Amino acid sequence: MPTATRVFNFSAGPAVLPLPVLEEAQRDLIALPGVGMSVMEISHRSKTFEDLLHKAQDDIRALAGVPGNYKILMLQGGATLQFSMVPMNLLGAGQTADYIDSGSWADKAAKEAKKVGKVNIAATTKGDNYSRLPEQPELKLTPGAAYVHMTSNNTIEGTEWTSLPAVGDAPLVSDTSSNMFSGPVDVARHALIYSGAQKNLGPSGVTLIIIREDLLARSTDALPVMLNYKIQAENDSLYNTPNTFGVYILGLTMKWLRSLGGLEAIAKINQRKAGKLYAEIDRTGFYRGTARKQDRSLMNVTFRLATEDLEKTFVKESTAAGFDGLKGHRSVGGMRASIYNAFPEEGVDALVSFMREFERRHG
Ligand SMILES: *Cc1c(COP(=O)(O)O)cnc(C)c1O
């Protein structure tokens, strides 16, 4: 049984995948039913692969209610390539792009955009170590901005927007890499959404992009073809060979999400899972949540202990107890439990028990 040897994987990404997805992929790895070849051995121009891609796109459309005037792309280069592609395609000469600097990834996105054009940091919470999200009155938006860029979940710091900022008529671009499909998404309020797959959607090597069609007119022919949204959309993500295996696993993950009852259903599960963990963090003063309470992420739960020595002991003992990946990002320290969609609730329960027991011994 594969389950017998699986540990509780709290990795921030690449992260745990749903067991039914891995089992189906394992079952069909050598020969897809009715095809007689591995999904990795077939042409990306074959009907089999095109059907896989279209099924994944259809499931995404159904899950998130993606309006008809949006294209769904699956490209390579990770979310980080989107840090460049977004301004290269959308930020025209003489225009300004507004960036909401709510975390380390948001900061990286803004730095890449600055290489392409004019960037206004509409707000930053760097001075608070990104422990909170900027509030609406703090946003200094540029009238007529080319777009406003936000990061829906700050993976490293453990903060998450629960409602979208008001940005007027400006196109809203969101990096949703670490909470995509963890709950309902109001696609129509966005102009572009991008998400590296390896946290909540599938394996690394695929980036999901949902882009409103009118934005495609901004992509000029001067852009390299692989970095041109218009060309990628015209070719249905098949300008060149995509990550066929990654698209396949992402498709299986979308099918799994639909089988759970869709985004409302997964949101409830995620609220319950994170709720248990935050309740334990808040139960006594032994653990300390690092994010401002109203901004806490349901995906990345960040917390600290009284001393770095105690944190080291926590990492060591939790690893020995079968919990992997609880060490916080090297830039912030402390602990981070990443509990994405595929992370099993029994793993959260087990961690809560471990934390109690750890506190009893070290508190
Ligand atoms: C992980 C992450 C990235 C970087 O993703 P890559 O696919 O490795 O480029 C960007 N933004 C956010 C919010 C992330 O969590």
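Since the model is a prediction, treat every value here as computed from it, not as a measurement. Atom set for the values below is all heavy atoms of this structure, side chains included, hydrogens, waters and symmetry mates excluded. Read the numbers this way: they start at 1 and go in the same order the structure lists the ligands and their atoms.
Here's the thing with T80: one of its N/O atoms is less than 3.5 angstrom from an N/O atom of ligand 1. By the 3.5 Å distance cut-off applied to N or O atoms, A79 is counted among the residues near ligand 1. Inclusion of Q198 in the set of residues having an N or O under 3.5 Å from an N or O of ligand 1 is warranted.
Protein heavy atom closest to atom 2 (C) of ligand 1, with residue, atom name and distance, is K199 NZ, 2.4 Å. Nearest non-hydrogen protein atom to atom 11 (N) of ligand 1 is D175 OD2, 2.6 Å.
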Evaluate the side-chain hydrogen bond (donor to acceptor under 3.5 Å, both in side chains) criterion for residues N120 and T142: first the C-alpha distance (whole Å), next the side-chain angles of each, then the deciding distance (0.1 Å), finally the verdict.
CA-CA 8 Å; N120 166 51; T142 308; 3.3 Å; yes
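Per-residue contacts place G78 under 4.0 angstrom from the following atoms of ligand 1 (heavy atoms of the residue considered): 7 (O), 9 (O). Less than 4.0 angstrom separates some heavy atom of T151 from each of these atoms of ligand 1: 13 (C). The T155 neighbourhood of ligand 1 comprises atoms 12 (C), 13 (C), 14 (C), 15 (O), with distances under 4.0 Å to a heavy atom of that residue.
For D169, the CG atom counts as loosely surrounded, since its 6.0 Å shell holds 12 or fewer non-hydrogen atoms of other residues, nucleotides or ligands.
If you look at Y194 next to ligand 1, there are no close heavy atoms at all, none under 4.0 Å.
Remark: the backbone N or O of E157 is paired with a side-chain donor or acceptor of T302 at under 3.5 angstrom. Using modelled atom types, no side-chain atom of W105 and backbone atom of N154 make a donor-acceptor pair closer than 3.5 Å. Side-chain atoms of N9 come within 3.5 Å of backbone N or O of S11 as a donor-acceptor pair. A distance-only check finds no donor-acceptor pair linking the side chain of D59 to the backbone of M254 [under 3.5 Å].
In this structure, CZ in R336 is found 6.0 Å from CD1 in I156, a value given to the nearest 0.5 Å.
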